[in-house]
Amino acid sequence: MTLDEAVWGALNEAAALYRGNPRATNWLGHQLERFAEPVRIAVAGQQKSGKSTLVNAIVGEQIAPIELSDGTQVPTWYRDGAPPRASLVTRNGAAQDVPVDRVDRRLRIDLRSWPPPQVERISVDWPSRALRGATLIDTPACPPSAAERLAREADAVLYLTRHLHGTDTQSLESLQHPPLASAGPVNAILVLSHADELGASRIDALSAAKRVARRYRADVQVSPLCQNVVAVAGLLAHTARTLREHEFGALSALAGTPRAALDGALLSADRFAGTDFPAAVSQEIRQELLNRFGVFGVRLAVTLIRTGCHNQAALTAELVQRSGLAELRESIGQCFTERREVLKARSALLALEDVLRMEPHPGAARLTAHLERVLASAHEFRELRLTAALQCGRTTLPDGLDLEAQRLLGAAGTGVHARLGVAEAATGSELRQLAVDVVDRWRVQAENPLFTARQRQAAATVVRSCEGMVARLVAERG
Amino acid sequence: MTAPPWLELLDDTIRACAAHARPDLAQRLRRQRARLLDPALHILVIGESGQGKSQLINALVNAPVCPVGDDLTTTVPTFVRHAESPGATLVLDPAALTPRTATGALPALRRVPVPIDEIPRQVGRRSGAHRDAELVSAEIGIPRKLLAAGLVLIDTPASGHPHTRPAVDSLAALDQADAVLLVSDATHELSDTELTLLRRVAATCPNILVVLSKIDLSPRWRQVAERNRARLDSNGLPVTLVPASATLRLEATRTGDAALNQESGFPNLIGLLHQEMTGKPDVLARRSVAVVGGSALAQLVVTLREQQAASDSSPASAALADRGDVQRAIDELRRRSTRWQTMLADDMADLVSDVEHDMRDRTRKILREVDRVFDDADPVLSWDAFEDWLAEHLADAADTNFAWLVERSRWIADRLAQYFPGRPGGETSAARLVFPEDLTGGVGALERPRLERFTAGQKAFTALRNSYGGVLMFGLITSLAGMPLLNAISLGAGAAFGGKGIKDEADSRLKRRQAAAKAAAQRHVDDFFLAVSKDSRDTIRRVQRTLRDHFTALAEELQQALVEAATEARRAALTEAAQQERRQRQAQQGVAELVALHQRVQSLAGQQAAPQHHGSLEISA
Ligand SMILES: Nc1nc2c(ncn2[C@@H]2O[C@H](COP(=O)(O)OP(=O)(O)OP(=O)(O)O)[C@@H](O)[C@H]2O)c(=O)[nH]1
Ligand SMILES: Nc1nc2c(ncn2[C@@H]2O[C@H](COP(=O)(O)OP(=O)(O)OP(=O)(O)O)[C@@H](O)[C@H]2O)c(=O)[nH]1
Ligand SMILES: [Mg+2]
Ligand SMILES: [Mg+2]
């Protein structure tokens with residue numbers, strides 16, 4: 001029985017147990033629906049950390065934020081769905097469709113007739129490939145105390161911060177849910193947002209930001225709190241994905257200006273938007289470029305055009321790549337969408353606990369305990385737990401074995417290629433051969449007399465992962 | 001040269017703290033005093049991570065003295081001050097790594113001179129830590145005109161970053177600072193955590209500048225500056241906000257570009273620093289004293305008011321409570337004394353009738369016995385024995401009756417004593433009753449009745465009288481039958497009649513004797529009863545008098561004591577009220593003095609008042 005089946009079965013069993021109880025039945029009904037949905041990813045962080053911008057960057061369109069009539073925000077859910085549609089959920093749970101509109105390439109929802117205190121959340125259906133694998137929740141800035149609730153509503157969290165602060169680590173800590181604490185950081189990615197500004201907008205700012213991210217990834221205080229740390233320049237990524245022709249034209253004009261003349265004008269935002277300017281680009285357009293790209297974005301785009309990105313598509317691709325968005329999407333894939341099963345199982349378990357707390361029932365208590373055991377022993381969870389233990393040094397393996405173990409456990413991607421660390425081009429037979437070799441090598445390690453019991457156990461988990469791979473490869477051939 | 005007014009006020013405040021038993025506050029103020037008298041101006045540069053604190057200092061002194069980096073960089077406070085030639089010192093604390101030596105003595109801090117260009121590596125995040133000691137701070141000396149007048153810039157580790165050790169948190173150094181520069185970059189508005197930090201700083205150090213750094217990077221820095229100013233104002237933090245860009249300043253000094261220098265905002269910033277510098281002995285010191293002195297005084301006043309409130313709300317004072325008790329006791333005593341007096345009268349009346357009734361009952365029983373005895377016995381034969389018997393029984397009856405009286409009297413005395421609970425006199429009162437030894441003393445001896453005997457002559461006479469009648473009657477009857485009057489029959493009948501006459505005569509004589517004896521006994525018993533009941537009444541009256549006198553005396557005594565207590569209580573209440581009033585006046589005066597001092601201290605801040613904080617608002621109300 002797969003994990004999926006076990007959880008599905010448990011949820012249905014619970015629904016049967018609570019048949020006479022409308023409140024619990026309603027709640028469990030939601031959970032069953034939720035189980036079938038794509039992963040829910042909440043985008044969270046302190047004020048102005050770039051949450052809405054990041055949602056736009058991931059979707060590739062200007063759909064966030066959606067503000068209430070007083071300028072405040074409520075959690076806004078973005079799901080894949082056509083035609084575009086929005087509904088508003090009020091505090092008393094009623095849902096109400098509201099008209100959507102696209103003005104000036106951005107999503108507009110008219111909420112003027114809704115008193116802000118009444119609105120609990122907004123749900124938007126938007127046709128987008130990016131939303132097919134995951135539902136995104138743009139959240140308003142929340143204090144650490146509210147983070148736990150977030151962790152229940154969402155299956156996974158992208159936590160944004162500009163400079164790491166104590167409040168951020170507190171929030172991340174409360175995302176870790178106690179019952180599964182032993183499962184390690186299964187559901188959070190820390191995003192160093194405004195990566196361009198993190199590197200002070202120097203031309204190497206993004207690589208500097210990536211270095212910082214790498215340092216945090218290995219940091220003993222941070223690594224237990226999240227699965228990955230990625231630096232992303234959200235504004236740049238969003239602008240790149242929605243690059244317009246006249247913007248490219250203006251940037252090209254700037255790139256054509258003699259470097260010595262332009263450098264002085266790029267010294268500060270004030271100078272760039274000032275009246276005395278060496279290139280034939282109107283002040284208005286320059287101001288727009290600043291708003292869309294930021295100082296760093298302009299500097300980078302000009303440099304890229306000068307060094308070879310001669311068309312809009314090439315510039316877009318290069319900017320997206322450098323912005324860190326590509327890395328983030330990859331990480332979301334590895335950590336969240338590919339691990340959908342585990343994340344959903346975790347959410348279902350939390351939901352069962354909730355229903356049990358609200359409406360105690362002996363049968364349900366047994367059920368929850370059973371499900372918890374299933375989860376704890378599920379190989380997917382073991383992989384996550386071991387990966388986390390290796391990453392934060394709770395478990396160590398000698399001689400670079402730990403890096404290989406992490407890869408085989410799926411830390412860099414759960415696909416066979418990623419696990420084996422080979423190019424996508426590798427053929428089936430090559431893969432099979434490699435996988436069998438790896439299994440043999442790790443079987444030896446699992447019985448290594450020089451290892452501690454814990455290390456041997458870790459090796460055994462790796463063996464189990466590799467055996468799974470071999471089985472999949474054999475099945476594919478057959 | 002006379003001391004400046006702020007110094008006098010600070011000294012007054014220190015004295016007030018000492019006087020109100022707050023040596024801790026006094027100690028802190030003394031440190032501040034020493035700092036304010038020091039001509040050097042210490043400026044603490046604080047802020048969250050990566051806001052450009054270190055770069056700001058570098059741009060001010062135009063030298064890369066502080067480490068600058070994208071991530072958390074500065075790890076310990078770094079002091080930058082004037083020196084004739086460039087040099088640097090690391091301050092190391094061996095104790096941090098080697099926990100106390102056996103003797104418990106802490107090894108002293110170690111100062112290690114290093115080349116100035118070593119500093120960024122040492123103070124920076126990836127410093128090659130000293131193996132045996134922990135770096136606690138760094139000091140840099142550099143020849144600069146800006147610093148020559150005594151300006152000391154203190155770079156601090158980021159506040160709020162999870163990696164910042166609490167021990168080196170910038171707030172720890174706050175006591176040493178004359179002024180604080182909070183650095184917040186222009187790419188964002190002041191965050192909640194930065195505002196919290198500012199509020200905490202303002203409570204200790206009122207001289208704050210907020211530097212809006214990195215204005216070169218933000219197209220919207222003017223909006224951000226406006227929003228920040230509004231936010232600071234609405235948070236009761238009227239501090240100056242200075243936009244600046246270290247990058248532009250460094251670039252301007254490198255290229256000698258005056259316009260760029262102006263754009264960097266540094267001339268403005270340096271101007272403000274100079275102003276602080278020259279204003280230190282006056283404006284700055286006054287503002288500092290206003291805040292630190294003000295907050296210390298506010299604390300004193302709050303404590304004093306709390307104490308006052310506590311003493312006010314405590315039960316109206318013991319003496320007053322006593323006084324109420326005494327009054328209540330007197331009233332109670334009054335109520336009781338009417339009650340016990342009626343009770344005494346009633347009980348005694350009851351006692352009289354009860355005792356009399358009892359005695360009558362007993363004498364009646366004796367008389368019945370006497371009757372029974374003299375129905376058969378001939379008083380002539382048994383009189384002497386009877387006399388003894390009667391005397392004994394009467395004495396018995398009187399004794400028992402008397403014992404009962406005594407007992408009842410005691411019981412009544414006890415009952416009365418209950419009206420005087422807790423009074424030792426109450427219980428013993430019954431014992432003090434004096435009873436006569438003997439009650440029957442007044443009754444004379446039983447008087448012997450005159451008892452007639454039946455003599456032989458009287459018998460013969462009686463027989464004759466009776467036989468004559470018999471002879472006559474039978475002679476007449478027989479004469480009717482022809483017989484002579486004196487015939488055998490009539491003589492026989494006469495003899496029979498004579499015998500019967502003698503017997504009848506003897507019987508009636510006995511009866512008379514018996515009646516006489518009964519009457520004598522009756523008379524005697526009546527006399528006895530009267531005498532005894534008179535004695536009883538007398539005794540009871542005496543008992544009543546004794547009891548009344550005793551309990552009246554007791555009540556008077558009690559009342560006297562209570563009245564004395566009441567007077568005493570009244571006197572105590574008066575003195576206590578006077579004392580309390582005096583204390584209150586003293587406390588009020590103390591508070592008034594403190595508030596006056598507080599106002600004087602506050603007025604030091606002048607018009608452009610120091611940031612308000614809770615204390616000042618509360619106590620000026
Ligand atoms: N330079 C730069 N600016 C960015 C970046 N991401 C967002 N911003 C800017 O930061 C500001 C806030 O961005 P938002 O996306 O609205 O941030 P948010 O976290 O949703 O804000 P709240 O919902 O209000 O808490 C906007 O002005 C964005 O243009 C970035 O990566 N680089
Ligand atoms: N463009 C620009 N960048 C600046 C400015 N000031 C500082 N920076 C950059 O901002 C980053 C952080 O500067 P630091 O001076 O190290 O910041 P800090 O506040 O001391 O940081 P910590 O020591 O980590 O707390 C560095 O990359 C600096 O180059 C400025 O005025 N303009
Ligand atoms: Mg937002
Ligand atoms: Mg620094």
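Only a predicted model underlies this, so the values are computations on that prediction, with no experimental measurement involved. Chain A is the first sequence line, chain B the second, and so forth, proteins listed ahead of strands; every chain is numbered from 1.
- Contacts of S218(B) with chain A are made by backbone atoms alone, with heavy-atom separations under 4.5 Å and no side-chain atom involved.
- In Q321(A), the CD atom is not crowded: 12 or fewer heavy atoms of neighbouring residues, nucleotides or ligands sit closer than 6.0 Å.
- The distance from the CZ atom of R215(A) to the CG atom of D71(B) is 4.5 Å, given to the nearest 0.5 Å.
- Contact of the D70(B) side chain with the R202(A) side chain is registered, since non-hydrogen atoms from C-beta on lie closer than 4.5 Å.
- Note that CD of E197(A) is 6.5 Å distant from CG of L217(B), once rounded to the nearest 0.5 Å.
- For R231(B), the CZ atom is densely surrounded, since the number of other residues' heavy atoms within 6.0 Å is greater than 12.
- To the nearest 0.5 Å, the span separating CG on L72(B) from OH on Y216(A) amounts to 6.0 Å.
- Contact annotation for L248(B): only side-chain heavy atoms (C-beta onward) come within less than 4.5 Å of a heavy atom of chain A.
- Ion pairing of R222(B) with D270(A) is present here, as a side-chain N (NZ or NE/NH1/NH2) and a carboxylate O approach within less than 4.0 Å.
- Of the atoms belonging to D185(B), it is side-chain heavy atoms, and not backbone ones, that fall under 4.5 Å from chain A.
- Looking at A273(A), neither its backbone nor its side chain comes within 4.5 Å of chain B, counting heavy atoms on both sides.
- The closest side-chain heavy-atom distance from Q51(B) to H163(A) is below 4.5 Å.
- No more than 12 heavy atoms of other residues, nucleotides or ligands shown are found within 6.0 angstrom of CZ on R259(A).
- Between chain B and the options V295(A), D196(A), L267(A), the largest number of non-hydrogen pairs under 4.5 Å is found for L267(A).
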> Would H165(A) and E48(B) count as a side chain to side chain donor-acceptor pair (under 3.5 Å) if you check the C-alpha gap in whole Å, the side-chain angles of each, and the deciding distance to 0.1 Å?
Replying inline: CA-CA 8 Å; H165(A) 193 277; E48(B) 296 186 348; 3.1 Å; yes

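- Side-chain contact between Q221(A) and H163(B) is present, with at least one heavy-atom pair separated by less than 4.5 Å.
- Within the model, atoms CG of L290(A) and CZ of R220(B) stand 11.5 Å from one another, a figure rounded to the nearest 0.5 Å.
- Proximity of L164(A) to P162(B): side-chain heavy atoms (C-beta onward) are separated by under 4.5 Å at one or more points.
- When the shell of 6.0 Å around CG of D276(A) is examined, it contains 12 or fewer heavy atoms from other residues, nucleotides or ligands.
- We find that R271(A) and E263(B) are joined by a salt bridge, their nearest charged nitrogen and carboxylate oxygen being less than 4.0 Å apart.
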